[in-house]
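Structure first, commentary second.
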Amino acid sequence: MSDTGTDSTKEISEEAHERSDFIREIIKEHNASGRFDGRVHTRFPPEPNGYLHIGHAKSICLNFGIAADFGGKTNLRFDDTNPLKEEREYIEAIKRDVVWLGFDWEDRLYHASEYFDQFYDFAVQLITDGKAYVDDLSAEEIRQYRGTLKAPGKESPHRNRSVEDNLDLFERMRNGEFGDGEKVLRAKIDMASGNINMRDPTIYRIKHAPHPHIGDKWCIYPMYDFAHCLSDSLERITHSICTLEFEDHRPLYDWYLDQLGVFHSQQIEFARLELNYTIMSKRKLLALVKEGSVSGWDDPRMPTIMGLRRRGFTPESIRDFCDRIGVAKRMDSVVDIALLEHCLREDLNKRAPRVMAVLNPVKLVIDNYPEGQVEEFDADNNPEDDSAGTRKIPFTREVYIERDDFMEDPPKKFFRLAPGREVRLKHAYYVTCTDVVQDDAGEIVELHCTYDPESRGGGTPDGRRVKGTLQWVSVPHAVDAEVRLFDRLFNKPDPEEKGEDFRANLNPESLVTMTHCKVEPSLANAEPESRYQFLRHGYFCADMRDTKPGQPVFNRTVSLRDTWAKMQKK
RNA sequence: UGGGGCGUCGUCAAGCGGUUAAGACACGGGCCUUUGGAGCCUGCAUCCCAGGUUCGAAUCCUGGCGCCCCAGCCA
């Protein structure tokens, strides 16, 4: 087998992997036609009203990734036009998540709220041009006047106020002369449009509320459609990438920019990410938090960036996942979470140091091993990476092994320990089970075996093979640990299948806490967020909040693929 | 005839008139293995339907069918 083959193969495949999707195609066309003079400038525009989730990661990777591909730039812009829903706390959390994911907006951090003066002027311009008017109708009346999906709306009685009156009224709105909801500024477009967004959409509404970013300077706030296109324009964004629900808003996006005669960004819509076995709606995730179904936004079962991080995901694996799912316009597509898990395992396999941990211990006594003797074995830290080196692990007469690794009456394909059966203790010796000690209830309390001194290091001169290899931890050296086994949050691919309430499909076994697990001594002071592969179990991450020196707490990030478990299911 | 969008393997997704219809995940078979991990080999779609254009169509045209989004002073 050639050791040099892998590297060159990898280089070739990485070069061959040139992303192509309909958005990049559009950009190439723009570059060819010179529409933006070859410039590519994107933005990631979160509203600071909640935490980022894996769906946002797709958008972040797309926006930053496209800019990087075309030698362009990406802005981070907070779309903070609704002070009632937004909080400062979210701003910092979002920034932290974007950085953690590995992206850099450099000096281009913006807030839509910092453009409010300019937005106001643009609104005045619209009024002056006779393209916007102040309406006195109530929210309810406006809704009624809007018509329905199939029937056209009707014009507001205030639609044809004079420019002077509109200007005066709008200024008075700004000055706080009216209460919330008393008046709005509306665009004068077409109440009969088939596109409801064009039926005289609201531009400004009155909200006597301080803004988390700019304080109490304003009591009128612009709507998304007005603010977003103009923010893009002011920042000279070339490609304004958003999700499919905004496709219907594009005519309005274009209308504002055209009427105002300002720089015209191109809005492009793509399908947001949906994943099976989870939910992505901020509102529903919030419900899980509030109802105590999870411990918080950073619960390791949450699809939030902070949840994934705490679970032990690497930013690299998330970026890889976002690359692999592609970008398209099929709104009802659902990505298999198995792909996310695959990306994770692939990344962790290459970099996570291997350690031995016994989650559900049973004591194994090696009767012919000298009492009080301690041997140290060299263990490779990562068979996938020689540079990871080795470490010493202590071995003694008594070790813990996994309870599941012994069966008194094993089925045919069980390769592990059983009476009279010989297995290898990883890195150490071959042992043969000689006795089983049970308590009155029949519970196994201790196993006995003999070892073969010739098999030191895990192989024998006679070359005989054993079918099973078990991980173990020396009893006197074992460190107690708490281990949290996480599984999918929901037990159905679609938690809302046939209109069911997602709460009904929560997986009751999504968290199983194991205490008194035994881990090797090197893990006693595991650094928060450090990741490991627990041999034969899976990938684990020291909990960033709860792990303490000498009292480690580990989260299972993802289990190893388990073909044995798969065979058992058959 | 409200408006908009989408229909290619179980899933995501390439394909842009001539390809054996990419690739990945999942799944199946085998090899290998001091992790039943990893790795390696291998199997796995004729493109929503029906007509039409063409020497030739997943790709073009026509007509159906299906699914999704939109009636916040939310984003």
Side-chain angles (χ1 to χ4, degrees), chain A residues 1 6 16-17 20-21 25 45-47 49 79 81-82 84-85 135 137-139 142-144 146-153 180-186 192-199 201-207 221 223-225 227-228 242-251 269 271 276 282 324-343 345-346 349-350 354 356 379-380 383-384 413-416 424-428 430 455 457-459 465-471 493 533-538 559-567:
Chain A
M1 176 181 161
T6 43
H17 176 68
S20 174
D21 52 63
E25 289 306 314
E47 183 190 11
N49 70 341
D79 215 343
T81 56
N82 187 350
L84 263 27
K85 293 194 174 177
D135 199 350
L137 256 31
S138 68
I142 286 181
R143 192 171 65 76
Q144 282 166 359
R146 187 156 34 227
T148 68
L149 291 177
K150 298 195 175 177
D180 289 5
E182 273 185 46
K183 290 189 170 19
V184 290
L185 181 70
R186 293 228 262 168
S193 172
N195 182 343
I196 286 182
N197 294 301
M198 302 299 271
R199 316 234 268 229
T202 301
I203 300 175
Y204 266 94
R205 71 294 212 185
I206 299 170
K207 284 178 191 286
Y221 292 94
M223 295 287 289
Y224 164 86
D225 290 298
H228 203 91
C242 61
T243 49
L244 249 26
E245 317 84 84
F246 293 101
E247 214 154 18
D248 289 341
H249 294 240
R250 183 161 17 104
E269 313 83 13
N276 58 16
K282 274 187 199 171
R324 294 207 208 192
I325 55 178
V327 185
K329 297 192 68 155
R330 288 161 60 176
M331 191 179 263
D332 37 13
S333 69
V334 179
V335 176
D336 191 343
I337 198 162
L339 179 59
L340 215 208
E341 294 172 346
H342 168 81
C343 294
R345 289 192 182 104
E346 188 176 79
N349 177 50
K350 282 181 292 194
R354 272 56 170 176
M356 297 207 283
D380 49 347
E384 304 291 320
K413 295 265 190 171
F414 188 80
F415 297 157
R416 312 173 192 178
R424 171 169 40 235
L425 293 179
K426 176 85 177 174
H427 303 304
Y430 286 5
S455 65
R465 323 281 283 205
V466 287
K467 293 283 260 185
T469 300
L470 314 183
Q471 82 279 14
Q533 184 197 98
F534 285 7
L535 232 54
R536 301 209 305 135
H537 278 300
S559 66
L560 249 23
R561 288 189 60 213
D562 190 346
T563 51
W564 168 242
K566 205 175 283 179
M567 283 166 67

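The structure presented is a predicted model; accordingly, all values stated were derived computationally and were not measured. Chain A is the first sequence line, chain B the second, and so forth, proteins listed ahead of strands; every chain is numbered from 1.
- If you measure from atom CG of A/Leu149 to atom P of B/G72, you get 10 Å, rounded to the nearest angstrom.
- Contact annotation: A/Arg330 does not reach the phosphate of B/C68 (side-chain N/O to OP1 or OP2, under 4.0 Å).
- Of all nucleotides listed (B/C70, B/A26, B/A14), B/A14 comes nearest to the side chain of A/Asp21.
- Across all strands, A/Leu535 comes closer than 4.0 Å to base atoms (heavy-atom distances).
- For the pair A/Lys329 and B/G7, the criterion of a side-chain N or O lying under 4.0 Å from OP1 or OP2 is not met.
- No donor-acceptor distance shorter than 3.5 angstrom exists from the side chain of A/Thr202 to the backbone of A/Tyr204, with no hydrogens or angles considered.
- Evaluation of A/Tyr224 against the base of B/A75 yields no stacking contact (centre distance < 5.5 Å, interplanar angle < 30° required).
- The side chain of A/Arg250 contributes no N or O atom lying less than 4.0 Å from OP1 or OP2 of B/G5.
- For A/Glu384, the listed nucleotide lying nearest its side chain is B/G37; candidates were B/C70, B/C74, B/G37.
- Checked for salt-bridge contact, A/Asp135 and A/Arg186 meet the test: a charged N lies under 4.0 Å from a carboxylate O.
- Taking only distance into account, the side chain of A/Asp562 never meets the base of B/G36 through a donor-acceptor pair shorter than 3.5 Å.
- A/Arg324 contributes no side-chain N or O that forms a donor-acceptor pair with the base of B/G23 under 3.5 Å.
- Salt bridge A/Glu269/A/Arg250: present, at least one basic N to carboxylate O contact under 4.0 Å.
- Looking at A/Glu245, its side chain has no donor and acceptor atom pair within 3.5 Å of the base of B/G5.
- Using a 4.0 Å heavy-atom distance criterion, A/Glu247 is classed as a sugar-phosphate-only contact.
- The same atom, C1', is picked in B/G63 and in B/A24; the two are 36 Å apart, to the nearest Å.
- Contacts of A/Pro45 with the nucleic acid, taken as non-hydrogen atoms under 4.0 Å apart, are absent.
- Across B/C60 and B/G18, the matching P atoms stand 12 Å from one another, rounded to whole Å.
- For A/Lys150, no side-chain nitrogen or oxygen approaches OP1 or OP2 of B/A71 to under 4.0 Å.
- Heavy atoms of A/Phe246 sit under 4.0 angstrom from at least one base atom.
- Comparing B/G23 with B/A13, their C1' atoms sit 8 Å apart, to the nearest whole Å.
- Between A/Asp225 atom CG and B/G4 atom P there is a gap of 17 Å when expressed in whole angstrom units.
- Atom CE in A/Met331 sits roughly 15 Å away from atom P in B/C12 (whole-Å rounding).
- Nucleic acid contact class of A/Asn82 (heavy atoms, under 4.0 Å, all strands): sugar-phosphate only.
- A/Arg424 comes within 4.0 angstrom of a nucleotide base, judged by non-hydrogen atoms across all strands.
- For A/Arg146, the side-chain atoms get nearest to B/A71 when compared with the rest of B/A75, B/C74, B/A71.
- One interatomic measurement links the two molecules: CG of A/Leu339 to C1' of B/U11, which rounds to 9 Å at whole-angstrom precision.
- Taking only side-chain nitrogens and oxygens, A/Ser193 never comes nearer than 4.0 Å to OP1 or OP2 of B/G3.
- Closest of all the heavy-atom pairs between A/Val334 and A/Asn276 is CG1-N, 3.5 Å.
- Glycosidic conformation of B/G29: anti, with the torsion beyond 90° of 0.
- Within the structure, every side-chain polar atom (N or O) of A/Arg143 is placed at least 4.0 Å from both OP1 and OP2 of B/C73.
- When the C1' atom is compared between B/C9 and B/C44, the two are found 8 Å apart, to the nearest whole Å.
- A sub-4.0 Å separation between OP1 or OP2 of B/G36 and a side-chain N or O of A/Arg561 is absent.
- At a threshold of 4.5 Å between non-hydrogen side-chain atoms, the residues A/Arg324 and A/His342 count as touching.
- The side chain of A/Thr81 places an N or O atom within less than 4.0 Å of a non-bridging phosphate oxygen (OP1 or OP2) of B/A75.
- Rounded to an integer number of Å, the gap from NE2 of A/His427 to C1' of B/U33 is 14 Å.
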